[in-house]
Structure formats: C-alpha cells, structure tokens
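Working notes for the structure below.
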Amino acid sequence: MSLVPCRACGHSVDTSALACPQCGATDPAHKLSRQQRNAISLTIQLIIGVALLVGGGAYLWREFAPVIKAAIVKTGNS
Ligand SMILES: [Zn+2]
C-alpha cells in the first residue's frame, strides 16, 4: 500500500482508495476516472470496429467487384 497525491486536490490517498477522503473524487490515485477510462476504451473499440468494417468492406469490394461486373456484362450480352 502506497500513498499518492489525489488527481483532483493533491491530498495523499492510498492507491487502492475508491474515493478521495479530502475532496471525494473517485479513483483519486489514477489520472483518469473509471468513467473516463471506460469512455476511452469504448471509443477505441468503436474506432477499431469502424476501421475493420471499412477495411473489410473495401477488401470485399475489391475482391468481388470484378466478379459482379463480369456477371452483369455476361447477363447483358446473352
Ligand atoms: Zn482529492
């Protein structure tokens, strides 16, 4: 157990403390609150999800666009 300054008021708090006894800030030993960390991880997951979706979509389009075009051309000629 070690003491670190509270991120909000600078009061010495235990690293395992859930709230600062001085100012009541949550997770005083951490630079970011639990909610902020959750929001950041959610944002990162969202960005990765969108990137995978866009990348996967572009890949599929590159793979299948010629096939689809060929099929359309074939149908048009026959
Ligand atoms: Zn504090």
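Just so it is clear, the model here is predicted, and its values are computed rather than measured. Remember, it's 1-based here, ligands and their atoms both numbered in the order they're listed.
In this structure, His30 has no side-chain hydrogen bond (donor to acceptor under 3.5 Å, both in side chains) partners at least two apart in sequence or on a different chain.
Tally of protein N, O or S atoms closer to the Zn ion (ligand 1) than 2.8 Å: 4.
Listed by chain and number, the hydrophobic cluster partners of Ile47 come to none, as no ILVMFWY side chain reaches under 4.5 Å of it. Residue Val50 shares its hydrophobic cluster (ILVMFWY side chains chained together at separations under 4.5 Å) with Val54.
A donor-acceptor contact shorter than 3.5 Å is absent between the side chain of Arg7 and the backbone of Ala25. Distance alone, capped at 3.5 Å, places no donor-acceptor pair between the Arg62 side chain and the Gly57 backbone.
From His11, atom NE2 reaches atom SG of Cys20 across 5.5 Å, with rounding to the nearest 0.5 Å.
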